[in-house]
Amino acid sequence: MKLINLKNKAIASDYVAIELLKLIQDNPKAILGLATGNTMTDIYPRFSELLEANDTDLSEVQTFNLDEYVGLEPEHSQSYHTYMHKLLFDHNSSWQASNIHIPQGKVDDLEAESKRYEEYLKSIGNPDIQLLGIGENGHIGFNEPGTSFESETRVVDLTDSTVKANSVNFDKIEDVPKQAVSMGLKSIMRANRIILIAFGERKQEAIRRLLEGETTEDLPASILHNHPNVEIIIDDTIYNNLK
Ligand code: F6R
C-alpha cells in the first residue's frame with residue numbers, strides 16, 4: 001500500500017485524471033471502476049478536458065460504478081446516474097451508453113439486479129483501475145463496518161453517519177436514501193489497481209486507522225492491505241495530522 005500526499009484536491013484530481021487518460025491511451029479497451037461522492041467532483045471534469053484535448057477514442061472503454069441509491073430513478077437529481085452523466089459522460093460524445101454500467105436503484109427485484117450487476121462485472125473482466133473514496137467510518141463502496149470480506153454486489157443499509165454525511169447533497173436529511181445497491185468488498189478487490197482518495201479533516205481518522213491498524217471487517221477499507229497494488233492519495237490536512 002503506497003501513501004502519496006498530493007497536497008490538495010486540485011493536484012490530486014489532476015493526478016487521477018492523468019492516470020485514467022494514460023490507461024485508456026495504453027489500452028483502448030480499458031475497464032474503469034468509478035466512484036461518486038464529493039471527493040471525486042474535480043476528477044471527472046479534469047478527465048473530460050484531457051479526453052477532449054487528446055481526441056481520445058472511448059468507444060471500447062467500459063465503466064462500472066460502485067453503487068446507486070435504492071429508490072432513486074436514474075433521472076433523479078441526486079442519483080449517481082445523474083452525477084456521472086453530469087460530471088463525465090455528457091462531456092464527450094465518444095462514450096458509448098452500452099459500455100456504461102451503474103446499478104439500478106429503482107427496480108422491483110433489487111436482489112436480481114444486484115446479481116445481474118455482479119455477473120456482468122465478472123463477465124466483462126477485472127477493472128484496470130478502481131477509484132475509491134472512503135467513508136468517515138472506513139467504508140468503501142457502501143460496505144459499512146462489519147461487512148464480510150467475501151461480499152459481492154447486494155442491497156446494503158447505510159449507517160446513520162453515512163446518511164448524515166450524504167445529506168449535504170439533499171435538501172433535508174429525510175430525503176437521503178437509507179439503502180444502496182453496492183459492489184461488495186470481494187468485487188472491489190478484483191481490480192488490478194486501486195486508487196483510494198481522501199481529503200480533509202473528516203477523513204483523517206479513517207486514514208489513520210487504515211494505515212496503522214490491522215486488517216479487520218470493523219474497518220472495511222482495511223481489506224486493501226490484502227491487495228498488491230493500492231495507492232492512498234491524501235492531502236496536506238490528512239498528512240500533517242498523521243505525523
Ligand atoms: C461513492 C462511494 C462512497 C464514497 C464515500 C466518500 O460511490 O462508494 O464510498 O466514496 O462515502 O464520500 P465523499 O467523497 O462524498 O466524502
Side-chain angles (χ1 to χ4, degrees), residues 1-27 30-56 58 61 63-67 80 83-92 94-95 127-141 165-166 168-169 188 191-213 219-222 224-225 227-243:
M1 189 177 277
K2 225 188 284 174
L3 180 71
I4 309 175
N5 173 18
L6 290 181
K7 296 192 71 64
N8 56 47
K9 188 171 180 177
I11 300 176
S13 301
D14 272 359
Y15 168 75
V16 176
I18 292 166
E19 290 304 294
L20 293 174
L21 174 74
K22 284 194 315 192
L23 171 68
I24 296 175
Q25 288 184 327
D26 288 347
N27 176 13
I31 304 173
L32 311 183
L34 303 177
T36 55
N38 296 321
T39 308
M40 309 289 155
T41 51
D42 289 356
I43 293 173
Y44 299 127
R46 195 74 185 112
F47 181 36
S48 296
E49 277 175 14
L50 297 178
L51 292 171
E52 177 94 17
N54 288 278
D55 208 8
T56 315
L58 300 165
V61 175
T63 70
F64 279 92
N65 267 77
L66 284 168
D67 35 39
Y80 290 147
Y83 172 108
M84 289 307 304
H85 282 274
K86 264 197 180 157
L87 293 184
L88 182 61
F89 300 129
D90 289 353
H91 296 277
N92 195 306
S94 178
W95 290 111
D128 295 290
I129 291 183
Q130 174 69 58
L131 303 187
L132 294 178
I134 186 168
E136 290 168 49
N137 61 8
H139 73 215
I140 51 176
N166 292 359
V168 294
N169 296 316
I188 290 172
N192 296 328
R193 175 182 174 194
I194 293 179
I195 305 180
L196 182 147
I197 308 135
F199 305 129
E201 216 178 307
R202 287 193 305 110
K203 303 296 174 71
Q204 139 190 329
E205 181 61 10
I207 297 294
R208 190 193 57 72
R209 288 175 65 206
L210 172 61
L211 297 175
E212 281 181 7
L219 187 75
S222 69
L224 301 177
H225 288 297
H227 192 285
N229 192 0
V230 177
E231 288 154 74
I232 310 287
I233 307 291
I234 55 171
D235 63 0
D236 269 342
T237 304
I238 297 182
Y239 187 74
N240 291 332
N241 279 295
L242 289 174
K243 289 180 195 160

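Side chains included, hydrogens not; waters and symmetry mates left out as well; all remaining heavy atoms used. None of the values given here were measured: they were computed from a predicted structure.
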### Task
Working to the nearest 0.5 Å, report the span between CD1 of Ile232 and CG of Leu210.
5.0 Å
### Criterion side chain to side chain contact (heavy atoms under 4.5 Å, CB included) on Asp128 and Asp26, from CA distance to verdict
CA-CA 11 Å; Asp128 295 290; Asp26 288 347; over 6 Å; no
### Task
Find out whether Asn38 and Asn169 are in side-chain contact, i.e. whether some heavy atom of one side chain is under 4.5 Å from a heavy atom of the other.
yes
### Query
What's the spacing between Asn240 CG and Ile234 CD1 if we round to 0.5 Å?
8.5 Å
### Task
Report the residue from Ile195, Leu34, Ile188 that forms a side chain to side chain contact (heavy atoms under 4.5 Å, CB included) with Leu132.
Ile188
### Message
Is any side-chain heavy atom of Gln130 closer than 4.5 Å to one of Leu66?
### Response
yes
### Message
Strictly distance-based, threshold 3.5 Å: is any side-chain N or O of Asn241 a donor or acceptor partner for the main-chain N or O of Thr237?
### Response
yes
### Query
Is any side-chain heavy atom of Leu32 less than 4.5 Å from a side-chain heavy atom of Ile24?
yes
#### Entry: Asp42 and Phe199, any side-chain heavy atoms less than 4.5 Å apart
no
### Task
Determine the minimum heavy-atom distance between Tyr80 and Asn166, stating which atoms define it.
OH-ND2, 4.2 Å
### Query
If you look at every heavy atom in Ala35 and Leu131, which pair is closest and at what distance?
CB-O, 3.5 Å
### Query
Is it true that a side-chain atom of Asn54 and a backbone atom of Thr56 form a donor plus acceptor pair closer than 3.5 Å?
no
### Task
Can you see which heavy atom on Gly135 is nearest to which on Ala206, and at what distance?
O-CB, 3.6 Å
### Task
Just do the side chain to side chain contact (heavy atoms under 4.5 Å, CB included) check on Glu231 and Tyr15 with the steps written out, would you?
CA-CA 12 Å; Glu231 288 154 74; Tyr15 168 75; 2.3 Å; yes
### Query
Could you give the distance from CD1 (Ile207) to CZ (Arg202), rounded to the nearest 0.5 Å?
12.5 Å
### Task
Using modelled atom types only, decide if a donor and an acceptor are shared between the side chain of His227 and the backbone of Met1 within a distance under 3.5 Å.
no
### Glu52 atom CD, over 12 foreign heavy atoms within 6.0 Å
no
### Query
Does some side-chain heavy atom of Asp67 sit less than 4.5 Å from a side-chain heavy atom of Thr36?
yes
### Query
Nearest heavy-atom pair of Ile233 and Ala12: which atoms, and what distance?
CG2-CB, 3.8 Å
### Task
For the pair Tyr239 (side chain) and Lys7 (backbone), establish whether a donor and an acceptor sit closer than 3.5 Å, ignoring hydrogens and angles.
no
### Task
Give a yes or no answer on whether the side chain of His91 reaches the backbone of Lys86 with a donor-acceptor pair at less than 3.5 Å.
yes
### Residue pair Val16, Phe47: steps toward the side chain to side chain contact (heavy atoms under 4.5 Å, CB included) verdict
CA-CA 8 Å; Val16 176; Phe47 181 36; over 6 Å; no
## Note on the structure
In short, Ile197 meets Ile43 closest at the heavy-atom pair CD1-CD1, 3.8 Å
### Message
Under a 3.5 Å threshold, yes or no: a donor from one side chain and an acceptor from the other, between Asp236 and Asn5?
### Response
yes
### Message
Please report the interatomic distance CG(Asn92) to CG(Leu51), rounded to the nearest 0.5 Å.
### Response
5.5 Å
#### Entry: Distance, nearest 0.5 Å, that separates NZ of Lys203 from CD1 of Ile238
7.5 Å
### Message
If you compare all heavy atoms of Thr39 against all heavy atoms of Lys9, which two are closest, and at what distance to 0.1 Å?
### Response
O-CE, 3.8 Å
### Task
First locate atom CZ of Arg193, then atom CD of Glu19, and finally report the distance between them rounded to the nearest 0.5 Å.
4.5 Å
